[in-house]
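This report refers to the structure that appears directly beneath it.
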Amino acid sequence: MQHTENVWPMYVSLKREEKQVGRWLSVDWVLDQMVPATMEAPANSKLVLLELFRDERASYRLNLDLDTPMLYLVCDELSDGTWEPSALSADQNVAAGCLEGDTPVIGLAMPEAVACWIEAFITRHGEVEICAHRRKHVNRRKELAENQRRKTV
């Protein structure tokens, strides 16, 4: 299944990790594999769509401007305690909303190919004006990086 202008299907699988925390055993769910749906589905994986929406372009831009852009894997917690992938997003607000509602979310470093695809989506549909106070830290970081580059040249 190929990706389109605004949907990229991925096969995602999770694995359970048990960790000793003091005397207690803690269970974490972590990403096992995430591959594009153009490839063969890994064992125990689920097809999840990474879908982009025009009204979330400002959030995508903020995410891409970070040092490490992230994807957010939203999961359903089943009655037996296992987590099952249900959605994939590049919008931090979606992840925050899910976490506020006690829905499990796993943060993943965004692959470069996905970042380029999102950048093309934003370019195709136009940049959205972001309030200055929300971007101040991002703009300042870019200025510092440019100044650093000029000093080394």
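Being a predicted model, the structure only gives us computed values, none of them experimental.
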What is the distance from atom CH2 of Trp29 to atom NZ of Lys15, rounded to the nearest 0.5 Å? 11.5 Å
Is Val35 reachable from Leu31 through a run of hydrophobic residues whose side-chain heavy atoms are each under 4.5 Å from the next? no
Residue pair Ser59 / Asn93: nearest heavy atoms and the distance that separates them: OG-ND2, 3.0 Å
Quick one, Asp91 and Tyr72 - any side-chain contact, counting heavy atoms below 4.5 Å? no
Given Leu73 and Leu14, is the side chain to side chain contact (heavy atoms under 4.5 Å, CB included) satisfied, shown in steps? CA-CA 10 Å; Leu73 180 62; Leu14 301 177; 3.7 Å; yes
In Å and rounded to the nearest 0.5 Å, what is the CD to CG distance from Glu51 to Leu88? 11.0 Å
Got a donor-acceptor contact below 3.5 angstrom from the Arg57 side chain to the His125 backbone? yes
Around atom CG of Asn44, are there more than 12 heavy atoms of other residues, nucleotides or ligands at under 6.0 Å? no
Is there side-chain contact between Lys46 and Tyr11, with at least one heavy-atom pair below 4.5 Å? no
Please name the pair of heavy atoms, one in Ala37 and one in Leu47, separated by the smallest distance, quoted to 0.1 Å. CB-CD1, 3.8 Å
Would you say that Gln33 contacts Ser13 through its side chain, given a criterion of any heavy-atom pair below 4.5 Å between the two side chains? yes
Under 3.5 Å, which donor-acceptor pairs do the side chains of residues 75-83 form with other protein atoms, sequence neighbours left out?
residue: Asp80; atom: OD1; partner: Thr82; partner atom: N; Å: 3.1
residue: Asp80; atom: OD1; partner: Thr82; partner atom: OG1; Å: 2.8

Ser26 and Val21: which non-hydrogen atoms are nearest, and at how many Å? CB-CG2, 3.7 Å
Could you grab the distance from atom CG of Leu99 to atom CD of Gln92, nearest 0.5 Å is fine? 12.0 Å
Are Phe53 and Ile118 linked, directly or through other ILVMFWY residues, by side chains that come within less than 4.5 angstrom of each other? yes
Give a yes or no on whether Trp24 and Val27 share a hydrophobic cluster (residues Ile, Leu, Val, Met, Phe, Trp, Tyr; joining criterion: side-chain heavy atoms under 4.5 Å apart). no
Which atoms form the tightest heavy-atom contact between Ile122 and Tyr60, and what is the distance? CD1-CB, 3.8 Å
Over 60° means perpendicular and under 30° means parallel, so tell me whether Trp8 and His3 are parallel, tilted or perpendicular. parallel
Interatomic distance, CD@Glu112 vs CD@Glu119, rounded to 0.5 Å, equals 11.5 Å
Hey, are the side chains of Ser45 and Val12 touching, using non-hydrogen atoms and a 4.5 Å cut-off? no
Spatial distance of atom CG (Leu25) from atom NZ (Lys19) [nearest 0.5 Å]: 11.5 Å
Within-4.5 Å side-chain heavy-atom neighbours: Val105 and Ser89: no
Quick check for you: to the nearest 0.5 Å, what is the distance between Leu71 atom CG and Met10 atom CE? 7.0 Å
Would a 4.5 Å heavy-atom cut-off, applied to side chains only, mark Glu127 and Arg61 as touching? yes
Quick one, Leu50 and Met34 - any side-chain contact, counting heavy atoms below 4.5 Å? no
Got a sec: does the CD of Gln20 have more than 12 other heavy atoms crowding it under 6.0 Å? yes
Is there side-chain contact between Ile106 and Val30, with at least one heavy-atom pair below 4.5 Å? no
Do Trp117 and Leu64 sit in one hydrophobic cluster, given that two such residues count as connected whenever their side-chain heavy atoms are within less than 4.5 Å of each other, even indirectly? yes
